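Inspection log for the structure reproduced underneath, given as structure tokens.
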2 protein chains.
Amino acid sequence: MWGDKLSEGIMSIKEQLQNRFDELTRAEKQLTQLLLQNYPASGLGSITDLAKRSRVSTPTVARLVQKLGYTGFPQFQSVLRAEVGAELSNPIDKYNKWAEHAPDEHILNRFADSVSKNVRQTFSRLQTEEFDEVCALLANTDHRLTIVGGRISRSLADYMFTHMQVIRPRVTHMTSNSNAWPHYLLDMNKDDILVIFDVRRYENDLRRLAEMAHERGVKIILFTDQWGSPISKIAAHKFSCHIEVPSAWDSSIVPMLILEALIAKCKKRIGIKPGAGLTHWQACLTVRAYSESSLRAFSG
Amino acid sequence: MWGDKLSEGIMSIKEQLQNRFDELTRAEKQLTQLLLQNYPASGLGSITDLAKRSRVSTPTVARLVQKLGYTGFPQFQSVLRAEVGAELSNPIDKYNKWAEHAPDEHILNRFADSVSKNVRQTFSRLQTEEFDEVCALLANTDHRLTIVGGRISRSLADYMFTHMQVIRPRVTHMTSNSNAWPHYLLDMNKDDILVIFDVRRYENDLRRLAEMAHERGVKIILFTDQWGSPISKIAAHKFSCHIEVPSAWDSSIVPMLILEALIAKCKKRIGIKPGAGLTHWQACLTVRAYSESSLRAFSG
DNA sequence: AAATTTTTGAAATTTAATTGACAGCCCGAT
DNA sequence: ATCGGGCTGTCAATTAAATTTCAAAAATTT
């Protein structure tokens, strides 16, 4: 638009904050976020209160508003009040959209809608007891833990592996190359846990893997879609996720959400367990330190 | 009636003023009229200012609000602010339990709440124009596309790779092992696109990679968190995702949501492009058919 | 019309908010 | 590893705001 600087005069404070967000410092961003979160009411109190709620110091608040071009907090506030007057007089219900500046039909809004719906539908049928049981299983380091996914869901398996590896020992990610699977299988028994990600289109290799593991007494935890992969029948525990989005394929958001919640709870369980010396993740961090910075040689 | 005092709690200040207008004194009526005239903005300034504008003294204002039952002007004002907040703020699923059978404090519900909040905050600041531009870039097969992630976000990079690979040619996933990066870099130029996933804690290797790529004129698309990785400065496009959840680390849900939407739109763009013979993904599917069923030999 | 009660605003007091100066801290660079 | 620059918070001084006090003015009653 013509005249970014000129139009600042007619730009709402909200827009100013959004546009200039990038050039703000950490504390200022923190503050800005709180301001935008419940705008404009959150900015109408005292500067002290605002600072306290956003966990920054009062001078930071004063400095921010000066950066925006106001002479001080009082002037900033009076502009805000003026906006309240203007805002309330034209009550558009723009708050039903996720992305305010986009039309309802924009794919971002449609996607967010679908995901929200998926989460609600999935969670309404989710048994928290089962969730807690699975959590207990995963946190029990007596069991070895193997993770495997399909073509698409491999990334989820990878994500789970990356996290579980840090919070507990004896975790394996079976690669998507099914040639190597028999090797792993031979070694599994009833003390093993196998986490499978299998959403449509269900893969035969995964089904066979599950069957064979089941015969060996391996406990199977399954992440699947609402229709249920054929593995459902033999899985010890199952999460059925709604995965439909306005797209040619399926969404991995809901499984990932459950996964993150699981990992979070597991970590909490294992974290408080009295350990001798280094916890597992501390050891991991130590190892990581050595593997950093290989680019330095190249760039220098 | 038993209602008067009790119902004052749920009555808006405006209603209170209107109902009790008759029992007020001259100066108080004068004040009240000014308040109602531009309600509630007119009540959000200082008591001095309010008094001055309605031509009464400050004690008169103080006395009026006490008459209404408030301990003083500040309390009165905070109630007024709360009204502004309620009026303007987003009513979407505020007190919406996600998992019906679980208590509010169950981690599943807390997680779903956080994620919902994250999505809303992220999307409210997301420029759809930028989203569309990025989409156009990704769908333009004249550019080569390279994807890279950090330790945790590697899975996201992998997810993106898996999908992009199907809908367009010339896609590469740079592994997390930064030793191999210089090799890729040497070959990049201004016709390249580099997608980087970098959330806290920002990794130095990634930053250096970005800087070096930038010097070569490579366009960088960055997925980062709300605070912004140092790469933000040199990125051609950036998605800032809110990633905080009740957990020791961060959520990948929002980046993945944006990612999925991007992929969906890209696919649509490329899908309708008139192609000669096989589209890219049809070719991919054909190749896959050969690689299936390696377990069959083992199980049979 | 005088006395009394009520209301009102000026001034003083108390309380809180705002700003400016300084020092520690974190981050990136050398 | 050390150094410098910018960011951030603590503290103190200043300023503004809110409340209380009190006396004058208005309204009401006798």
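Not measured: the values here are computed from a predicted model. Below, read A as the first sequence line, B as the second, and so on, with proteins coming before strands; counting in each chain starts at 1.
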Listing time: all N or O pairs from protein to nucleotides 25-30 of chain C that are below 3.5 Å?
none

Roughly, in whole Å, what's the span from [atom1] in [X] to [atom2] in [N]?
X	N	atom1	atom2	answer
A:Y70	C:dT18	OH	P	16 Å
B:K52	C:dA10	NZ	C1'	14 Å
B:Q30	C:dT7	CD	P	15 Å
B:L31	C:dT8	CG	C1'	13 Å
B:L64	C:dT7	CG	C1'	13 Å
B:E28	C:dG9	CD	P	10 Å

Which heavy atom of [X] sits nearest to which heavy atom of [Y], and what is that distance?
X	Y	answer
A:G43	A:Q77	O-NE2, 3.3 Å
A:I167	A:I263	CD1-O, 4.2 Å
B:K29	B:L24	CE-O, 3.5 Å
B:D192	B:V218	O-CG1, 3.5 Å

Would one find more than 12 heavy atoms of other residues, nucleotides or ligands at under 6.0 Å from atom NZ of B:K219?
no

Heavy-atom count around A:K67 NZ within 6.0 Å, excluding the residue itself: above 12?
yes

Is it possible for you to check whether B:R125 lies under 6.0 Å from the centre of the six-membered ring of A:F21, through NZ or CZ, and within 45° of that ring's axis?
yes

At under 4.0 Å between heavy atoms, which parts of nucleotides 16-21 of chain D does protein reach? Answer with one letter per nucleotide, 5' to 3': B base, S sugar-phosphate only, - none.
-SSBB-

Could you tell me how the ring of A:F76 sits relative to the ring of A:F73: parallel (under 30°), tilted (30 to 60°) or perpendicular (over 60°)?
tilted

Should A:T60 be listed as having a side-chain N or O under 4.0 Å from OP1 or OP2 of D:dG9?
yes

Give a yes/no answer on whether the side chain of B:T25 brings an N or O atom under 4.0 Å of OP1 or OP2 in C:dT6.
no

Looking only at side-chain N and O atoms, does B:R110 offer a donor or acceptor that is under 3.5 Å from a partner on B:S114?
no

